[in-house]
Amino acid sequence: MNILAIESSCDETAAAIVRDGRQCLADEILSQADMHAIYGGVVPEIASRNHVTAISRLASSAVRKAGITKRDIDAVAVTFAPGLIGALLVGVNFAKGAALSLGVPLIPVHHVRGHIAANYIAFPQLEPPFLCLAISGGNSLIVDVRGYTDMHILGSTMDDAAGECFDKAARVLGLPYPGGRPMQELAEGGRDDAYVLPQAHIEGRPYDMSFSGLKTAVVNLAHNAAQKGEELDRAGLAASFQRAVSDALVPRAMAAAGELGYDTVVVAGGVAANKRVRADFEAACRREGKRLFVPPLRLCGDNGAMIGAQAYYEYLAGARAGSDLNAYATMEIDSPLLKY
Ligand code: KG4
């Protein structure tokens with residue numbers, strides 16, 4: 001089954017062709033990051049307008065690069081939640097038109113489920129159940145993935161997402177948007193014990209996370225140093241910050257996997273690209289004898305292939321949308337709206 005998958009939830013426009021949920025035939029991505037960098041973050045209206053101009057071209061290019069014709073497309077899939085509402089609506093409307101004109105089913109896909117499914121493309125042997133840590137610019141979730149479309153949230157962030165925290169801390173240190181990668185590069189030259197940064201624990205909720213205190217600590221350290229005319233150890237602060245984020249994520253995910261008795265840990269989302277987080281997971285999984293799956297870098301950030309992969313399993317579960325499909329800025333990964 002060939003699925004044309006559309007992703008436009010934030011500042012990447014993407015179109016992919018995925019066969020039977022596992023084989024990516026083409027994956028076209030246009031990042032708008034440069035256009036938003038001057039504003040220090042994504043400007044929703046600019047994102048929507050850029051999706052409008054790019055999406056049709058990317059979809060045609062994906063079909064061509066996959067070596068198929070439009071007649072070989074068996075279904076159209078689209079990210080319909082969560083994300084920037086205007087940006088999502090561009091993808092949803094394009095996908096509706098494409099499905100209607102091709103006479104094929106339309107499959108709605110939850111964005112974070114897509115991030116998890118990036119691992120199905122990268123690792124043919126991976127099957128649920130497993131424990132997943134989904135960490136991106138908008139989400140930080142510890143998920144019990146019981147089946148391809150059967151998920152249960154064990155923990156989530158109470159405030160900022162891990163990626164958002166990277167972006168805000170990076171901004172304070174004068175780094176460009178998106179800040180995750182520049183922060184990682186700056187950290188490479190610093191000691192991770194240069195600064196003691198706070199760790200949040202939420203009473204009685206061991207798998208929930210909070211990153212706003214960490215963000216505020218970085219802001220205060222930078223401002224205090226500036227006010228006193230002291231030189232900030234920027235590399236040391238970046239390294240200490242990165243360690244603090246990893247320390248908030250890795251032990252929680254490992255503890256959740258242990259409690260559920262899972263021997264497989266999966267990491268997904270843009271922050272899964274982080275070298276420190278990857279290294280800490282590798283060490284923890286080696287220590288505890290668990291299998292670790294982390295997507296290659298190109299599948300960590302937003303892409304269409306992950307939507308096409310998840311769409312296949314949503315389709316098998318009965319997911320179908322009509323021409324009245326709406327987009328949703330927020331939606332839980334285990335929402336009743338995702339039961340078909
Ligand atoms: O998954 P993604 O592309 O978009 C969402 O679905 O939100 O994630 C984007 C986030 C940004 O916050 C970006 O700074 C972060 O992923 N990111 C990283 C790294 N690469 C991207 N964070 C830490 N280290 C990285 N190497």
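Starting from 1, each residue takes its place in the sequence as its number. Order of listing sets the numbers, starting from 1, for every ligand and every atom in it.
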[Y] reachable from [X] in the ILVMFWY side-chain graph, under 4.5 Å edges:
X	Y	value
Val90	Ile46	no
Ile307	Ile68	no
Val18	Ile6	no

Quick test: of every protein heavy atom, which one is nearest to [atom], and how far off is it to 0.1 Å?
atom	value
atom 10 (C) of ligand 1	Gly137 N, 3.6 Å
atom 20 (N) of ligand 1	Gly270 O, 3.6 Å
atom 24 (N) of ligand 1	Asn274 ND2, 3.0 Å
atom 22 (N) of ligand 1	Gly180 CA, 3.3 Å
atom 14 (O) of ligand 1	Asp167 OD1, 2.6 Å
atom 26 (N) of ligand 1	Gln184 OE1, 2.9 Å

N/O donor to acceptor pairs below 3.5 angstrom from side-chain atoms of residues 233-242, sequence neighbours left out:
{"residue": "Asp233", "atom": "OD1", "partner": "Gly236", "partner atom": "N", "Å": "2.8"}
{"residue": "Arg234", "atom": "NE", "partner": "Leu173", "partner atom": "O", "Å": "3.3"}
{"residue": "Arg234", "atom": "NH2", "partner": "Leu173", "partner atom": "O", "Å": "2.5"}
{"residue": "Ser240", "atom": "OG", "partner": "Asp192", "partner atom": "O", "Å": "3.4"}
{"residue": "Ser240", "atom": "OG", "partner": "Ala194", "partner atom": "N", "Å": "3.4"}
{"residue": "Ser240", "atom": "OG", "partner": "Tyr195", "partner atom": "N", "Å": "3.1"}
{"residue": "Ser240", "atom": "OG", "partner": "Gly236", "partner atom": "O", "Å": "2.7"}
{"residue": "Gln242", "atom": "OE1", "partner": "Asn274", "partner atom": "ND2", "Å": "2.9"}

Hey, is [X] one of the residues with a heavy atom under 4.0 angstrom from ligand 1?
X	answer
His111	yes
His115	yes
Cys10	no

Where do [X] and [Y] come nearest, in terms of heavy atoms and distance?
X	Y	result
Gly40	Arg171	O-NH1, 3.5 Å
Asn2	Asp72	ND2-O, 3.1 Å
Leu88	Tyr328	CD1-O, 3.4 Å

- Query: Taking the six-membered ring for Trp, is the centroid-to-centroid distance between Tyr312 and Tyr120 below 6.0 Å?
  - Reply: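 Centroid separation for Tyr312 and Tyr120: 6.0 Å or greater.
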
Give the numbers and elements of all ligand 1 atoms closer than 4.0 Å to a heavy atom of [X].
X	value
Gly138	7 (O)
Gly301	3 (O)
Gly163	12 (O)

- Item | Options Val277, Leu297, Asp302, ranked by nearest heavy atom to atom 3 (O) of ligand 1, top entry |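 Closest candidate by heavy-atom distance is Asp302.
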
- Message: Could you check whether Asp144 pairs with Arg146 (Lys NZ or Arg NE/NH1/NH2 to Asp/Glu carboxylate O, under 4.0 Å)?
- Response: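 So Asp144 pairs with Arg146 through a salt bridge.
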
